[in-house]
2 protein chains.
Amino acid sequence: MLTDEYRYKILKILEANPEISQRDLARELGISLGRVNFCLKALIEVGLLKATNFRNNQNKLGYMYFLTPKGLEEKSVITARFLKAKLQEYANLQTEIEELRKDVNQTMSIKYHQMEIKQP
Amino acid sequence: MLTDEYRYKILKILEANPEISQRDLARELGISLGRVNFCLKALIEVGLLKATNFRNNQNKLGYMYFLTPKGLEEKSVITARFLKAKLQEYANLQTEIEELRKDVNQTMSIKYHQMEIKQP
DNA sequence: AAACTGACGTTCAATTAATGAACGGTTGAT
DNA sequence: ATCAACCGTTCATTAATTGAACGTCAGTTT
């Protein structure tokens, strides 16, 4: 599956470093090689990325992945959308944490009360 | 899979409302019926929950799920652990959002600069 | 009383998502 | 020529989840 998270992260990494290998990309993203391969293909498929054969200074061969004009354009859209989602997530987390704090305090207070009762 | 998230949520909901059906629980948690069934069995398996046959005021039959003493005890541990994880998640999200903001601003600034250049 | 309705928990075949070992190809060193 | 080190690609396998289908029970309707 190709989510905005990986759209954003992959485009960002490749813009800064187009000659990274799929394995290193997988390591950096914390996902499997197969999944990286799948995501790259998908990004190429929709025209955000282009792969060109390339052999660099040392024992590396393989592709260089660079953003197409459409990719550059779309990246800002994706980034903004991803940020928006993260801000929402942040707000949700805030209320969720408040709720959790209440739960913890409530339990604590019960325990404390039980302790008081047990005092001689 | 039974994660802390559902351990916490299920124990919380059932403590407040032990006679909820698996379907309603699924709806409330936003997961499937099969998964709720799986989670409940797992919680019963480890002794945090107990199911007793029960028929209530109207056309409902089925189980009443209530927390065992161990379940009550463990719930506070799980809640605290879950809160801690959420706080970490919150902190991570904060830096992630900062990073995203930078990216957005950077792109904006490039676009703005391009606009200026294009001015006659 | 027999048939129907609706809600219950249980099951499991099917779907979806993700993994990583294995493969063939290419490069540069031994 | 052989070897070792990477490369991208593939795909059988595992993991996780879904929800339609099933049998059961209690109340309602025919």
Side-chain angles (χ1 to χ4, degrees), chain A residues 1-11 13-68 71 82 85, chain B residues 1-11 13-68 71 82 85:
Chain A
M1 239 204 104
L2 176 53
T3 60
D4 265 357
E5 176 176 2
Y6 292 108
R7 280 190 199 95
Y8 159 69
K9 287 183 178 174
I10 289 174
L11 292 179
I13 291 172
L14 290 184
E15 194 180 15
N17 178 17
E19 68 195 65
I20 191 174
S21 75
Q22 293 187 7
R23 274 163 235 272
D24 284 348
L25 194 48
R27 237 178 312 265
E28 195 158 332
L29 293 169
I31 61 179
S32 71
L33 174 61
R35 197 175 170 192
V36 163
N37 187 269
F38 175 84
C39 290
L40 287 178
K41 276 186 178 170
L43 288 171
I44 290 167
E45 178 69 28
V46 296
L48 302 190
L49 223 52
K50 197 170 182 316
T52 67
N53 265 309
F54 171 75
R55 43 227 70 188
N56 76 351
N57 40 18
Q58 39 194 14
N59 60 350
K60 293 246 200 75
L61 86 167
Y63 291 119
M64 186 164 179
Y65 305 94
F66 57 83
L67 278 63
T68 63
F82 187 52
Chain B
M1 239 205 104
L2 177 51
T3 60
D4 264 358
E5 176 175 1
Y6 291 109
R7 279 191 199 94
Y8 160 69
K9 288 183 178 174
I10 290 174
L11 292 179
I13 292 172
L14 290 184
E15 192 178 18
N17 178 18
E19 69 195 65
I20 191 173
S21 76
Q22 293 188 7
R23 275 164 235 272
D24 284 347
L25 194 48
R27 237 178 312 264
E28 194 158 334
L29 293 170
I31 61 179
S32 71
L33 174 61
R35 197 175 171 194
V36 163
N37 187 268
F38 174 84
C39 289
L40 287 178
K41 276 186 179 169
L43 287 171
I44 291 167
E45 178 69 27
V46 296
L48 302 190
L49 224 54
K50 198 169 182 317
T52 68
N53 266 308
F54 170 75
R55 43 227 70 187
N56 75 352
N57 41 17
Q58 39 193 16
N59 59 350
K60 293 245 200 77
L61 85 167
Y63 291 119
M64 188 164 178
Y65 305 94
F66 58 84
L67 279 63
T68 62
F82 187 51

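Everything quoted here is computed from the prediction, not taken from an experiment. Note on naming: letters A, B, ... go to the chains in the order of the sequence lines (proteins, then strands), and numbering restarts at 1 for each one. The analysis underlying the following values was restricted to heavy atoms, covering all of them including side chains, and did not include hydrogens, waters or symmetry mates.
- Residues of residues 38-52 of chain B that place a heavy atom closer than 4.0 Å to DNA chain C, in numerical order, are B:Lys41.
- Shown here is B:Phe38, whose CZ atom has no more than 12 heavy atoms of other residues, nucleotides or ligands within 6.0 Å.
- In terms of heavy atoms, B:Ala51 sits closest to B:Ile44 at CB-CD1, 3.9 Å.
- The stretch residues 28-52 of chain B participates, sequence neighbours left out, in no salt bridge (charged side-chain N to carboxylate O under 4.0 Å, His left out) pair at all.
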| Sugar-phosphate or base contact per nucleotide [nucleotides 17-23 of chain C; S, B, -; heavy atom under 4.0 Å] | SSBB---

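- Looking at B:Leu25 and B:Leu33, their side chains never come closer than 4.5 Å, going by heavy atoms from C-beta outward.
- One can place CG of A:Asp24 at 13 Å from C1' of D:dG8, the figure rounded to the nearest angstrom.
- Judged as a salt bridge (Lys or Arg N to Asp or Glu O under 4.0 Å), and not counting sequence neighbours, the contacts of B:Arg27 are B:Asp24.
- Distances shown here put every side-chain N or O of B:Asn37 at or beyond 4.0 Å from the OP1 or OP2 atom of C:dG9.
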Identify all side-chain donor-acceptor contacts of residues 4-11 of chain B below 3.5 Å with residues at least two apart in sequence or on another chain.
unit_1 : atom_1 : unit_2   : atom_2 : d
B:Asp4 : OD1    : B:Arg7   : NH1    : 2.8
B:Asp4 : OD1    : B:Arg81  : NH2    : 2.7
B:Asp4 : OD2    : B:Arg81  : NE     : 2.6
B:Asp4 : OD2    : B:Arg81  : NH2    : 3.2
B:Glu5 : OE2    : B:Lys9   : NZ     : 2.8
B:Arg7 : NH2    : B:Leu2   : O      : 3.1
B:Tyr8 : OH     : A:Asp103 : OD2    : 2.6

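- The shortest distance between side-chain heavy atoms of B:Leu14 and B:Ile20 falls below 4.5 Å.
- In this structure, the CE atom of B:Met64 is 17 Å from the C1' atom of C:dG9, given to the nearest Å.
- In this structure, B:Gln22 atom CD and D:dG19 atom P are separated by 15 Å, rounded to whole Å.
- A distance of 9.5 Å separates OG1 of B:Thr52 from OH of B:Tyr63, quoted to the nearest 0.5 Å.
- Partners of B:Ala85 by side-chain contact (heavy atoms from CB on, under 4.5 Å), not counting sequence neighbours: none found.
- Summarising the geometry, the separation between CD on A:Glu19 and P on C:dT27 is reported as 16 Å, rounded to the nearest angstrom.
- Direction change of the helix axis from one end of the helix from C:dA1-D:dT30 to C:dT30-D:dA1 to the other is 30°, with five pairs defining each end axis (rounded to 10°).
- Side-chain atoms of B:Tyr65 and B:Gln22 form a donor-acceptor pair, as typed in the model, at a separation below 3.5 Å.
- Atoms CG (A:Asn53) and P (C:dT26) sit 10 Å apart, rounded to a whole Å.
- Between the P atom of C:dA7 and the CD1 atom of B:Ile20 lies a distance of 15 Å, rounded to the nearest Å.
- For the pair B:Leu49/B:Leu67, a side-chain contact is recorded, criterion being any heavy-atom separation below 4.5 Å from C-beta on.
- Atom CG in A:Leu25 sits roughly 16 Å away from atom C1' in D:dC6 (whole-Å rounding).
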